[in-house]
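Written out below as structure tokens is the structure these notes cover.
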Amino acid sequence: MGTSPSEFDLIDRFFSLGVPSHWPCQGIGDDCAILQIGSHTLAITTDSTALSTHFLPDADPVTVGYKALAVNLSDLAAAGSVPRVFFLAISLPKADESWLMKFSQGLKEAAQEYDCALLGGDTTRSPLVGQERSPTSLTITAIGEVNGQALTRKGAQVGDDIWVSGTVGDAYAALMIRTGQWNEPLTQALALRMDRPTPRVQLGQFLTQHLASACADVSDGLYQDLCHILQRSGVGASLWIDAPKVSEDLGKFPLEKRRHAQWAGGDDYELVFTAPPSCRQQLVNWGRTHQVPLSRIGKIVERDVKFYDQNHQEVPSAEFKGFDHFQE
Ligand code: ADP
Ligand code: MG
């Protein structure tokens, strides 16, 4: 790990300006800012992605288009909102029509699937750095509508259960295999989890019905994103290291790799959330009906974060630190 400040130190020190808003609002610190406009509550998020950083340099442009929007919709899901509209600012090294055609196709697929309209944006040429233009980068701002109380990362209470949706770790495993760092076989299911994340939009909306006390989406790693909930809520957690549901493919990998992928790997776009034990049955029923696995992975405690295995033995957690753009 490097010694430079983390992404989150930078946000605290340089981007928390403290200038108040004239609208009732909540932000910075959650997956979305929440704005109250008249009788409407809006959830707003913005995320940047760049080829060679968030995507492999030769990523399929259809995948780039689809995933660029899907990751923003995942933040809208974490707030429990219904996706409505988005804006796209894109910076291109050249007007490559064949790349753009496929990119646009992927973007449209996600927009149609989640019923979210593109209302504006900006198109520019990327800057020259030395002899070459920097790779394509894009920023999407997405707006959703919240019916009821928006979910935030703050509100987890001591005694709450901790849950995660889906199977985490698959996207990370696919990345490790594609970059040659792991030599297990790349199955189609793992590749799809990396290329076509499923923002848990319906689950997020369900959780606003007095179920979840706090929620975040898993973009940088389950442990790290859960830690955001813990920090914002001022609590700790006891975690059962092997409790998150594992996919059939990742389940065949060696235990240490599987654990690392599940807790430290990013790019899953599942929801991690806390809820009182009285909600267990409702959550289990929802998971069954919608065929989305919901795993109970631990409990909120007063302080500290500790991992336990099936024999109640404590497992060191340092290796589960997630992704940070400024630490290498
Ligand atoms: P996410 O992973 O859901 O996109 P992060 O955990 O990266 O969110 O960001 C934490 C919080 O910091 C969010 O509320 C985000 O809006 C805010 N944030 C990140 N970068 C900036 C910035 N440059 N200026 C202001 N707020 C920022
Ligand atoms: Mg997020």
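All residue numbers in this chain count up from 1 along the given sequence. Numbering of ligands and ligand atoms starts at 1, following listing order. Every value quoted in this text rests on a predicted model; they were computed, and no experiment measured them. Heavy-atom basis, side chains included; hydrogens, waters and symmetry copies ignored.
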**Report entry** Over all atoms of both residues, closest heavy-atom pair of L207 and C215
**Finding:** CD1-SG, 4.3 Å
Requested in this report: Check the side chains of Y172 and Q262 for a donor-acceptor pair under 3.5 angstrom, ignoring hydrogens and angles.
Outcome: no
**Report entry** Identity and distance of the protein heavy atom lying nearest atom 4 (O) of ligand 1
**Finding:** D47 OD1, 3.3 Å
Report task. Tell me whether D225 has at least one N, O or S atom under 2.8 Å from the Mg ion (ligand 2). Result -> no
Query raised in the report: What protein heavy atom is closest to atom 1 (P) of ligand 1, reported as residue, atom name and distance in Å?
Result: R153 NH2, 4.0 Å
Query raised in the report: For atom 17 (C) of ligand 1, what's the nearest protein heavy atom and its distance?
Result: I28 CG2, 3.3 Å
Query raised in the report: By number and element, which atoms of ligand 1 are closer than 4.0 Å to a non-hydrogen atom of D75?
Result: 3 (O), 4 (O)
Query raised in the report: the Mg ion (ligand 2) to D47: any N/O/S contact under 2.8 Å?
Result: no
Query raised in the report: Do the side chain of D9 and the main chain of S6 share a donor and acceptor less than 3.5 angstrom apart?
Result: yes
Requested in this report: Answer yes if the side chains of T139 and S48 hold a donor-acceptor pair under 3.5 Å, and no otherwise.
Outcome: yes
Report task. Quick one: look up the protein heavy atom nearest atom 14 (O) of ligand 1 and list residue, atom name and how far away it is. Result -> D30 O, 2.7 Å
Query raised in the report: Around H210, counting heavy atoms of other residues, nucleotides and ligands shown, do more than 12 lie under 6.0 Å from its NE2?
Result: no
Query raised in the report: Within less than 4.0 angstrom of ligand 1, does F8 place any heavy atom?
Result: yes
Report summary line: Of all protein heavy atoms, the one nearest atom 2 (O) of ligand 1 is S219 OG, 3.5 Å
Query raised in the report: Looking only at atom types and distance, does a side-chain atom of S238 sit under 3.5 Å from a main-chain N or O of V305, one as donor and one as acceptor?
Result: no
Requested in this report: Please check if V85 and L76 belong to a single hydrophobic cluster, counting links between Ile, Leu, Val, Met, Phe, Trp and Tyr side chain heavy atoms closer than 4.5 Å.
Outcome: no
Requested in this report: For T41 and Q36, test the side chains for any donor-to-acceptor distance below 3.5 angstrom and give the result as yes or no.
Outcome: yes
Query raised in the report: In the protein, which heavy atom is nearest to atom 7 (O) of ligand 1, and how far is it?
Result: E7 OE2, 3.8 Å
**Report entry** Protein contact to atom 23 (N) of ligand 1 [nearest heavy atom, distance to 0.1 Å]
**Finding:** F15 CD1, 3.3 Å
Query - Nearest-neighbour protein heavy atom for atom 21 (C) of ligand 1, which is reported as residue plus atom name and distance - result: I11 CG1, 4.1 Å
Query - Nearest to the Mg ion (ligand 2) - the N/O/S atom of D31, by atom name - result: OD1
Report summary line: OD1 (D217) to the Mg ion (ligand 2) to OD1 (D75), nearest 10°, is 100°
Query raised in the report: Would you say the side chains of T46 and T141 form a donor-acceptor pair under 3.5 Å?
Result: yes
